[in-house]
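Following: one structure in structure tokens, then a few remarks.
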There are 2 protein chains.
Amino acid sequence: MKELTQRQEQILELIKSNLELKGFPPTRADIAKTFGFKSPNAAEQHLRALEKKGVISILSGASRGIVLNESHSLKNIKNNEIPIIGLVAAGQPMLALEHVEKKLNIPETMFRDNADYLLRVKGDSMIDLGIHEDDLIAVKKEKECKAGQVIVARVNDEVTVKTFSKNKEGKIILKAANSKYSDITLDPKNEDFFLEGVCLGVIKSF
Amino acid sequence: MKELTQRQEQILELIKSNLELKGFPPTRADIAKTFGFKSPNAAEQHLRALEKKGVISILSGASRGIVLNESHSLKNIKNNEIPIIGLVAAGQPMLALEHVEKKLNIPETMFRDNADYLLRVKGDSMIDLGIHEDDLIAVKKEKECKAGQVIVARVNDEVTVKTFSKNKEGKIILKAANSKYSDITLDPKNEDFFLEGVCLGVIKSF
DNA sequence: TGTAATACTGTAATTATATACAGTAAAATA
DNA sequence: TATTTTACTGTATATAATTACAGTATTACA
């Protein structure tokens with residue numbers, strides 16, 4: 001399913017909230033009025049776009065004949081609980097039960113991809129990217145990553161969060177986002193480097 | 001509430017099943033067809049009777065404007081969807097539907113308190129706290145706040161995110177978390193200051 | 001650089017729908 | 001027994017709503 005534009009997302013939200021509040025879908029005129037469109041056809045075309053992208057169905061000829069398709073239906077709120085991982089001691093696997101602080105139900109659409117776990121950050125090596133101590137980073141397990149991505153990796157059995165890149169000789173360079181720390185250069189053949197996952201985002205609490 | 005006749009019970013059931021199966025209420029013609037009435041007015045009058053007995057409401061002028069009253073309502077889906085608010089133009093209310101990008105189902109335990117909405121950050125005034133452009137801040141509507149808290153406020157109708165404090169004379173001081181910006185001092189009596197809410201946390205996507 | 005997709009305005013026709021009015025008839029209720 | 005309620009038929013009409021057609025302008029994309 002293609003991604004929705006911001007406007008399409010808004011239209012979809014309006015349909016949902018109309019269903020929730022009033023009990024039935026909006027008309028084209030309702031939509032146009034809400035967003036200030038001067039033509040009901042603007043709404044019509046947004047609906048067609050949503051239908052094309054598979055999020056709604058339009059029942060031809062029926063007034064208010066807008067049906068939310070399965071995944072977007074109000075009824076199914078998916079349970080997507082992922083663990084919050086605290087401090088991981090050297091040599092221990094990431095998802096060992098002992099490290100799980102609690103679980104959080106993270107909506108799939110919160111980050112660009114579905115996260116596998118949340119890792120509580122220790123240290124200040126990534127503050128220039130807005131990642132501070134005790135923040136949670138959303139991590140997706142991956143076997144590969146691209147230059148510039150924020151990753152979670154094991155280096156000699158220690159879990160670390162850094163920005164990934166490679167130099168001309170094919171060596172891995174791990175950069176901290178903090179001028180206090182200098183780069184780590186690793187030879188993937190000799191050194192003990194293991195990619196735990198890619199960082200999708202950050203959750204920060206005040 | 002008076003008791004329903006058998007026929008009225010049937011009509012009510014039809015409305016419910018129509019809502020469940022199709023997602024919206026039936027028309028008078030739909031009802032008439034289902035029961036074999038030769039006039040839509042038969043359905044109309046049953047609806048009037050149901051309204052009189054308090055089990056439904058009829059929204060005059062709206063097609064399919066049949067609303068089930070509380071006790072007969074179908075849905076009890078408790079989700080915690082909160083809207084993502086994009087750019088809010090000066091003078092406009094925060095939660096106007098037009099600003100809603102989409103909604104996210106945020107678990108109540110994600111932040112220290114339940115957020116009312118997520119606001120997409122514009123500008124770099126809070127980068128020292130790890131809040132960057134396009135991050136989402138989780139906001140709880142509050143009427144009061146404490147010194148040191150990150151708040152969302154209106155200053156002369158513009159929405160702004162700052163750290164809140166007061167000086168000895170009781171004036172409000174809004175601090176940016178960025179040395180580029182200097183403090184804003186406001187006299188709460190004269191200036192147009194309105195507290196939209198308190199920032200509970202940040203969601204950041206890479 | 002051309003093409004598709006997005007995001008609308010504007011008009012208008014057709015159909016869908018609500019709803020008023022005028023009846024008939026049986027059953028329930030005061 | 002008179003009256004209201006229930007349960008319809010039948011007709012008609014205003015308006016609610018869908019939806020086609022003809023445009024314009026901008027942005028995304030290949």
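Chain A is the first sequence line, chain B the second, and so forth, proteins listed ahead of strands; every chain is numbered from 1.
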Length of the line joining B:Arg7:CZ and C:dA27:C1', which is rounded to integer Å: 15 Å
Minimum heavy-atom distance between A:Arg64 and B:Phe24, given as atom pair plus value: O-CD2, 3.5 Å
Residue pair A:Gln10 / A:Arg7, side-chain donor-acceptor N/O under 3.5 Å: yes
Bracket string, DNA chain C, 5' to 3' - pairs by Watson-Crick or G-U geometry under 3.5 Å, | interstrand: ||||||||||||||||||||||||||||||
Whole-Å gap separating P (D:dT6) and CD1 (B:Ile11): 13 Å
Rounded interatomic separation in angstrom, taking NE2 from A:His46 and C1' from C:dT9: 12 Å
Spacing of A:Glu51 atom CD relative to C:dA5 atom P, expressed in whole Å: 15 Å
Below 4.0 Å: OP1/OP2 of D:dT6 and any side-chain N or O of B:Lys53: yes
Rounded distance (Å) that lies between atom C1' of D:dC8 and atom CG of B:Leu47: 14 Å
Test: B:Asp135 and B:Arg120 ion pair at under 4.0 Å: no
Where A:Asn18 and A:Pro25 come nearest, the two heavy atoms and their spacing: ND2-C, 3.7 Å
d(CZ, B:Phe37; C1', C:dT24) in whole Å: 16 Å
Short N-O contact, B:Lys141 and B:Asp116, less than 4.0 angstrom: no
Whole-Å distance separating the NZ atom of A:Lys38 from the P atom of D:dT24: 18 Å
Side-chain donor or acceptor of B:Gln45 paired with backbone N/O of B:Ala42 under 3.5 Å: no
Nucleic acid footprint by protein, nucleotides 12-22 of chain C - heavy-atom cut-off 4.0 Å, B for base, S for sugar-phosphate alone: ----SSSBSBB
Donor + acceptor pair across side chains of A:Thr185, A:Asn167 (<3.5 Å): no
Within 6.0 Å of NZ in A:Lys171, more than 12 heavy atoms from elsewhere: no
B:Asp124 and B:Lys180 ion-paired at < 4.0 Å: yes
